[in-house]
Structures are given as structure tokens and as C-alpha cells.
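Presented below is the structure to which this report refers.
Numbering of ligands and ligand atoms starts at 1, following listing order.
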Amino acid sequence: MVVERTLSIIKPDAVARNLIGTIVKVFEDNDIKVQAMLMKKLSQKEAQSFYIEHKERPFYGSLVAYMTSGPVVLMVLEGNNAVERNRKIMGATNPAHAEEGTIRKMYAESLERNSVHGSDSPTSAQREINFFFPNL
Ligand code: ATP
Ligand code: MG
């Protein structure tokens, strides 16, 4: 077991529906610690460059508009195998394909409005933590 850090975002759809506490509790109940937390409304520039890997995808413009539509909660999570475990706890990108009990199965509204983000590898985690928490 390796203690890892990963970046989690509670997305605007979940913040708008008062799910911050509910989602944080899922992580805490899974022995994942919140190491840093910041609530903010992302700028267009921040959302564009955070999701730069998807720049050529047809959903990029819509994704950036959605991610800047309201405040998000940015978190650094820490725990054993936190990157992979967080992805499991979140469930599949499309809630229609997510397993029972996962955050996206329980709370996501659609493929785009899917309530949470989680880094997809230790390399992405490092980049994403540094992107939002450069002093950590
Ligand atoms: P995230 O990066 O947010 O953790 P993910 O890694 O599961 O999600 P990605 O493929 O990186 O999924 O897509 C980033 C985000 O873009 C998704 O979480 C979702 O909000 C949105 N998205 C992905 N695919 C589509 C699509 N086909 N149509 C609309 N939105 C999409
Ligand atoms: Mg992703």
C-alpha cells in the first residue's frame, strides 16, 4: 500500500444541490483524508487550462461553461492508493454505467454534470494538485 495524494473536485451541479457534506463524508468514511480544501468559482481560463487534454473534444466548450457555471470545491485527498480508490469511489464517468453505491451513480445528473472530478493517474494528480495548490 502506498500513501498517495489526489485532486478531487466537487463540481457545480453537486455544490448547487447541497451535496458538499454528503460527498466529503463518503471520502472520510473510506479512510481518505481531506488535506486541503478551497471553494471557488473557476475562471474561464482556469477551467480551460485544467481540462486542456480535452481541448479537441466536441464537449470541451460545454464542459468549460459548466465548470464555470457556479462554485466548486477543490480538495487534496490523501490515503492508501488514493488515486485509484478515489476513481472507484466516484464510479464511471457516465452515471448510467456507474456501479451501485458510487458517488456518480448516487448523485450525478448526466455524463457532463457528473458531480465529481478525480485525477486519473499519479502523474495527473501531481499536475492537478500543483495547478490549484501550488504551495502544498
Ligand atoms: P474527470 O476528469 O472530471 O474526473 P473523467 O476522468 O471520468 O472525469 P474525462 O474523460 O476526463 O472523464 O472527461 C472530463 C469530464 O468531461 C467528465 O467528467 C464529464 O464532466 C465531461 N465529459 C466527458 N465526456 C463527455 C461527453 N461525451 N459529453 C459531455 N461531457 C463529457
Ligand atoms: Mg479525467
Practice task
Around atom 20 (O) of ligand 1, find the nearest protein heavy atom and jot down its residue, atom name and distance.
Solution key: Glu112 O, 2.8 Å

Exercise for the section: Only heavy atoms count here, so choose which of Leu63, Asn94, Asp120 is nearest to atom 21 (C) of ligand 1. Expected result: Leu63

Practice task
Start with the C-alpha gap between Asn114 and Tyr107, add the side-chain angles, then the distance that decides, and say whether side-chain hydrogen bond (donor to acceptor under 3.5 Å, both in side chains) holds.
Solution key: CA-CA 8 Å; Asn114 60 2; Tyr107 305 117; over 6 Å; no

Practice task
Count the heavy atoms of every other residue, nucleotide or ligand shown that sit under 6.0 Å from CD of Glu46, and state whether that count exceeds 12.
Solution key: yes

Exercise for the section: Using non-hydrogen atoms of the residue, decide whether Met67 is closer than 4.0 angstrom to ligand 1. Expected result: no

Practice task
Flag the pair Arg5 and Glu78 as a salt bridge only when some basic side-chain nitrogen lies within less than 4.0 angstrom of an acidic carboxylate oxygen.
Solution key: yes

Problem - Donor-acceptor contact present, side-chain Asn80 to main-chain Met1, <3.5 Å - result: no

Practice task
May I ask whether Ile103 and Val34 are part of the same hydrophobic cluster, defined by side-chain heavy atoms of I, L, V, M, F, W, Y residues being less than 4.5 angstrom apart, directly or through others?
Solution key: yes

Problem - Ring centre gap for Tyr60 and Tyr51 strictly below 6.0 Å - result: no

Completion exercise
Of all protein heavy atoms, the one nearest atom 19 (C) of ligand 1 is Leu111 O, 3.3 Å

Exercise for the section: Please indicate whether Glu84 has more than 12 foreign heavy atoms, meaning atoms of other residues, nucleotides or ligands, lying under 6.0 Å from its CD. Expected result: no

Problem - Closest protein heavy atom to atom 7 (O) of ligand 1, given as residue, atom name and distance to 0.1 Å - result: Thr93 OG1, 2.5 Å

Practice task
Answer yes or no: are there more than 12 heavy-atom neighbours, outside Asn18 itself, under 6.0 Å from its atom CG?
Solution key: no

Completion exercise
atom 29 (C) of ligand 1 sits nearest the protein heavy atom Phe59 CB, 3.6 Å

Completion exercise
atom 8 (O) of ligand 1 sits nearest the protein heavy atom Arg104 NH2, 3.3 Å

Problem - Proximal atoms of ligand 1 relative to Asn114 (non-hydrogen, under 4.0 Å) - result: 17 (C), 18 (O), 19 (C), 20 (O)

Fill in the blank from the handout: Counting heavy atoms under 4.0 Å, the part of Arg113 that contacts ligand 1 is neither

Exercise for the section: Compute the minimum heavy-atom distance from Glu128 to ligand 1 and say whether it is under 4.0 Å. Expected result: no

Completion exercise
In ligand 1, the atoms that come under 4.0 Å of a heavy atom of Gly118 are 4 (O)

Fill in the blank from the handout: For Asp13 and Ser115 the tightest heavy-atom approach is OD2-OG, 2.8 Å

Fill in the blank from the handout: atom 2 (O) of ligand 1 sits nearest the protein heavy atom His117 ND1, 3.1 Å

Exercise for the section: Please indicate whether any nitrogen or oxygen in Tyr51 is less than 3.5 Å from any nitrogen or oxygen in ligand 1. Expected result: yes

Fill in the blank from the handout: Lys11 heavy atoms within 4.0 Å reach ligand 1 at atoms 3 (O), 17 (C), 18 (O), 20 (O)

Practice task
Could you find the nearest protein heavy atom to atom 9 (P) of ligand 1 and give me its residue, atom name and distance?
Solution key: His54 NE2, 3.5 Å

Exercise for the section: Specify whether Phe50 and His117 have parallel, tilted or perpendicular ring planes, treating 30° as the upper limit for parallel and 60° as the lower limit for perpendicular. Expected result: perpendicular

Practice task
Among all protein heavy atoms, pick out the one at the shortest distance from atom 6 (O) of ligand 1; state its residue, atom name and that distance to 0.1 Å.
Solution key: Arg87 NH1, 2.9 Å

Handout entry: Ser62 and Glu112 side chains, donor-acceptor separation under 3.5 Å
Key = yes

Handout entry: 4.0 Å heavy-atom contact, Arg57 with ligand 1
Key = no

